[in-house]
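Data first, discussion second: the structure below is written as structure tokens.
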Amino acid sequence: MRSAVVAWTTAPLHNAGMTAAALSRRCHGASLAAATSLLAAACGGSGGGGAPTTTVVNGSLRVPQTAAAALAPIPHRPDLLMRPAEVVAWIEPGVDAVQFAGPDYELVQSGGPVAVFRSIAASQRGSLHAGAALADSCELATCHAADAIAALPGVRCAQPNYLLQATRQPNDTHFGKQWHYPQINLPQAWDLTTGSANVVVAVLDTGIKAAHPDFDPARVVPGFDMISDPSVARDGNGRDGNPEDVGDLATPQGSSFHGTHVAGTIGARSDNGSGIAGVDWACKLMHVRVLGRGGGSISDIADGILFAARLTNGSGQLPTQRADVVNMSLGGPGLSSVLQQACDAASAAGVLLVAAAGNDNTNQPSSPAAFASVLSVGAVDLLGARAPYSNFHSSIDLWAPGGDMTQDRNGDQFPDGVLSCMADDQGGFFFSFENGTSMASPHVAGVAALVKAANPALTAAQIRAVLLGNTKAGVSLPNGGRVVDALAAVQAAGATAGGPLLVAAPGAVDFGATATSATVICENRGQGAAVTASVTPAPAAPWLSVQTTETAAGNGLTNDTVTLTVDRTGLPTGVYQTRVTLVANVGAASTQVAFDVRMQVGASAGATDEVFVLLVDPLTLETYFQASALPGTGYLWNFGSIAAGQYLLVAGTDRDNDDEIGDDGEWFGAWPDLDAPAPIDAVAGSALTGLQFGLQDLVVVPGSAGAGAGAGASARRTFRRLL
Amino acid sequence: MRRPARAGAALVAWLGASCAGPEAAVADPDWRGAPVHVRHLGDRGVEVEFVAPTAGHEFALREVVRRGARADLVFAHAPPTADLVAQVVTPLRVAVAPERLGDAAVVAVVIREGERSAIAVLAARPR
């Protein structure tokens with residue numbers, strides 16, 4: 001059973017919803033005294049009490065009269081294009097917008113219910129799109145100004161004055177629910193290309209429900225059923241030429257039809273007036289069935305990879321045309337040498353391999369994603385932060401939307417999963433939301449196919465370089481990770497037809513709190529002889545020195561090595577970030593590549609990670625609702641709509657990813673103060689804003705009551721966050 | 001929907017004991033695997049949901065053990081046996097009929113992996 005299903009018919013959708021259970025919960029009847037004493041005992045105070053508060057979280061929650069009827073506010077999107085510093089507001093009847101003009105806001109336009117203000121503070125900041133850091137950007141300041149204006153009496157709502165661009169919007173019925181495409185600038189990329197029928201994408205998965213109405217039979221090339229064990233295949237035989245998915249009985253509720261969902265993301269029939277859109281509207285799909293009941297074996301999957309690459313394999317069969325891209329939304333712990341050999345061979349044959357990084361919320365490598373010959377994809381949520389299940393091993397090359405179905409951050413009454421094609425064991429066809437790195441990987445595979453369509457001359461290595469060199473920022477992604485950007489990649493692919501293509505390795509440098517120097521090697525994987533002309537950090541970074549030298553002859557770029565040195569002298573505690581752009585000349589033309597640099601001053605610079613904000617039952621301390629506060633948004637959080645009741649409000653980091661907040665080594669706090677917490681009475685029909693409180697570093701102080709294995713250590717209770 | 005004050009006070013005392021240390025009679029939840037949720041059904045049965053990170057996990061209800069006012073739902077967890085599995089988050093739901101819970105005031109989800117058992121959820125049943 002899936003938590004949200006979109007019927008094939010055009011009937012109105014309903015959300016079986018991620019908050020259905022949560023909304024039905026109510027706080028139990030704890031008295032104020034009992035609640036506060038319980039939390040105080042549970043938290044054990046402030047972990048020694050000596051750590052100063054350096055991180056403040058601030059947010060709001062809303063309690064509708066009828067919870068199910070409520071819509072959560074649509075979050076601001078500072079990453080979108082907007083008129084600089086401008087806020088557009090809807091003014092209540094009878095209210096004159098002029099009264100709101102003053103030293104903070106200029107009134108730019110009024111006369112009807114719509115008024116436009118310009119934030120003085122925001123107008124004095126640089127733009128994200130000109131290299132400013134998010135925290136110091138005009139865009140984020142504009143979002144904050146919108147919140148402030150929205151809170152004024154007489155203002156019904158306010159938001160940044162976003163610029164709406166003409167983009168290719170497919171007319172598929174459910175396209176509006178595919179938030180995961182605008183997130184990677186896909187509609188803008190479709191203005192440039194919607195794909196090519198000359199590009200083949202192989203989907204190594206559970207097979208395909210080919211009769212699903214949102215698949216075009218004309219876009220399928222012959223595939224193969226590589227499952228050798230009939231009991232796993234469930235189709236009455238071993239390997240055969242029919243990759244039809246007969247079901248894997250993955251759960252007691254039925255089969256997963258995982259391959260159908262994955263294939264839909266890559267190449268569903270698009271702009272056809274019904275169903276969903278795929279990333280690529282024209283590529284050919286090659287279905288190679290390798291997963292059956294319980295999963296798949298190394299041998300079957302290795303042979304499936306070789307088949308897709310048109311290399312000799314155990315089936316004795318070869319496709320007419322090798323795949324350009326192979327998607328593998330599958331994985332397992334540890335590294336398989338046999339699987340690596342197959343991946344390396346396919347990569348050497350010119351195939352771009354893309355794989356899911358895994359869903360175990362660990363930093364452990366998995367096969368096949370962690371192989372150097374495979375492009376490993378982690379999953380982000382709707383905001384661009386790491387999805388809570390996604391692995392975060394350093395081998396992850398790129399991040400893409402995989403969704404988080406515990407959330408509804410855009411308030412569309414659907415869980416924030418990836419919407420794609422689905423089937424059931426009874427022969428029904430529909431659409432469903434799913435989440436996982438399985439869903440992230442096909443976004444990248446599809447964009448890779450678009451890149452190939454934009455420039456058919458690109459090799460697999462060049463497509464990989466284009467994808468990795470043309471990305472967009474995520475939110476505090478591990479290891480300086482970045483999100484796939486379809487528009488930037490397709491633009492770069494078109495621009496590099498016959499031209500240079502600069503890449504940098506590593507794609508991000510994190511000096512941490514102690515390192516002082518590092519090198520980044522750049523090269524030209526395209527055409528022509530490039531010469532480094534400039535290396536510039538933006539925003540300006542006086543703490544960072546850059547120097548270029550020539551160390552690797554023959555890689556198409558003269559002065560290819562960038563040596564980075566940081567100087568922390570005199571700098572206050574904190575995290576410093578910039579983005580370094582290397583510009584190279586190729587004859588009269590120029591090209592560039594960029595990478596992020598991050599440095600920390602002080603052993604602990606505050607909660608630089610995602611902060612989880614929880615509403616817990618003051619009696620049982622069970623977590624009922626969860627919101628997220630991110631450094632890039634100034635640690636603002638919003639629960640949207642919750643059920644009425646009495647709650648304790650706590651927040652903290654989960655750096656060790658043990659799904660608990662409030663344990664040693666983490667930042668943690670409670671409203672209004674950790675040393676004197678108090679429950680919040682959320683009354684139906686009310687809205688609570690300005691719930692601001694500080695977080696403290698729960699450092700274990702040797703010899704204190706909260707340290708070691710004594711009774712004091714067990715007195716502090718942690719709080720379980722939701723997945 | 002609010003719980004009577006007397007029951008609330010009892011639960012406070014019970015949880016207080018659970019936090020007190022190793023001599024406590026009732027352990028804190030200590031399961032570190034897939035998130036587990038308990039939903040109370042209208043017929044006083046429960047539905048236990050395991051949010052498995054990937055395909056291939058199995059949670060099978062082995063037995064229901066009464067420990068005073070608590071009913072332990074003992075599940076056996078089998079991780080994926082295949083080399084590689086689909087990387088999709090997979091909710092697995094198991095319904096437990098009310099007659100198997102009797103008049104238990106608290107339901108515990110206990111997960112057994114080989115010789116090791118861990119408590120995943122302690123949930124008070126609505127009256």
Side-chain angles (χ1 to χ4, degrees), chain A residues 1-3 21 26-31 34 38 41-42 205-206 232 248 250-253 256 258 261 290-291 294-298 301 329-332 336 339 356-361 367-368 389 405 434-439 441 619-622 645 658-659 711 714-715 717 720 722-723, chain B residues 1-9 11-16 18-22 24 28-29 31-40 47 49-60 78-95 120-124 126:
Chain A
M1 186 183 299
R2 296 178 176 82
S3 54
R26 296 289 186 278
C27 180
H28 305 309
S31 69
L38 179 59
D205 216 292
T206 60
V232 175
D248 58 4
T251 75
Q253 287 77 37
S256 71
H258 182 261
H261 197 277
V290 295
L291 299 177
S297 69
I298 295 289
I301 294 167
S329 290
L330 50 84
S336 159
L339 203 58
N359 294 356
D360 297 307
N361 185 25
S367 294
Y389 51 79
M405 291 180 57
E434 303 280 358
N435 61 163
T437 52
S438 275
M439 283 64 241
S441 182
L619 199 57
T620 66
L621 305 186
E622 181 184 358
D658 65 351
D659 295 336
S714 63
R717 167 71 186 261
R720 193 167 183 84
L722 306 175
L723 179 67
Chain B
M1 292 293 287
R2 288 181 178 272
R3 177 185 306 278
R6 197 162 61 90
L11 196 53
V12 169
W14 173 69
L15 281 164
S18 76
C19 295
D28 271 332
W31 165 247
R32 288 286 183 260
V36 182
H37 308 292
V38 173
R39 294 192 182 95
H40 300 288
E47 180 185 69
E49 180 186 73
F50 304 90
V51 186
T54 67
H57 289 265
E58 289 185 9
F59 291 88
T81 55
D83 295 326
L84 301 161
V85 295
Q87 296 297 311
V88 59
V89 177
T90 306
L92 303 167
R93 299 186 181 98
V94 179
V121 173
L122 289 161

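First the proteins, then the strands, lettered A, B, ... as listed; each starts at 1. Since the structure is predicted, the reported quantities are computational estimates derived from the model, not experimental observations.
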Review point. How long is the span from the CG atom in A/Asp248 to the OG1 atom in A/Thr206, to the nearest 0.5 Å?
Key: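 Reported to 0.5 Å precision, the distance equals 6.0 Å.
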Review point. What distance separates A/Ser438 OG from A/His258 NE2, expressed to the nearest 0.5 Å?
Key: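 One gets 3.0 Å once the value is rounded to the nearest 0.5 Å.
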Point to revise | Listed partners of B/Glu49 passing salt bridge (Lys or Arg N to Asp or Glu O under 4.0 Å), at least two apart | key: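 Result, salt bridge (Lys or Arg N to Asp or Glu O under 4.0 Å) vs B/Glu49: B/Arg39, B/Arg93.
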Practice item. Kindly say whether B/Gln87 contributes a backbone atom to a donor-acceptor pair with the side chain of A/Asn359 at under 3.5 angstrom? Key: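 Between the backbone of B/Gln87 and the side chain of A/Asn359 there is a qualifying donor-acceptor contact (under 3.5 Å).
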Point to revise | Sidechain-backbone polar pair: B/His40 side chain, B/Ala124 backbone, donor-acceptor under 3.5 Å | key: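 Looks like yes, one N/O pair under 3.5 Å.
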Practice item. Would you mind telling me which of B/Ala52, B/Ala86, B/Ala34 has the largest number of heavy-atom pairs within less than 4.5 Å of chain A? Key: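 Winner by heavy-atom pair count: B/Ala86.
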**Study point:** Residue selection (most heavy-atom pairs with chain A, distance under 4.5 Å) from B/Thr81, B/Leu84, B/Leu92
**Key:**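 The answer is B/Leu84.
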Review point. Chain B heavy atoms under 4.5 Å from A/Leu291: which part of the residue, side chain, backbone, both or neither?
Key: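 Contact with chain B involves the side chain of A/Leu291 alone.
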Exercise for review: Measure distances from A/Thr437 to the heavy atoms of chain B and classify the residue's part below 4.5 Å as side chain, backbone, both or neither.
Suggested key: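 Both backbone and side chain of A/Thr437 come within 4.5 Å of chain B.
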Check your understanding: Hey, which of A/Pro252, A/Ala356, A/Ala250, A/Ser297 has the most heavy atom pairs under 4.5 Å with chain B?
Key ->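 Answer, by heavy-atom pair count under 4.5 Å with chain B: A/Ser297.
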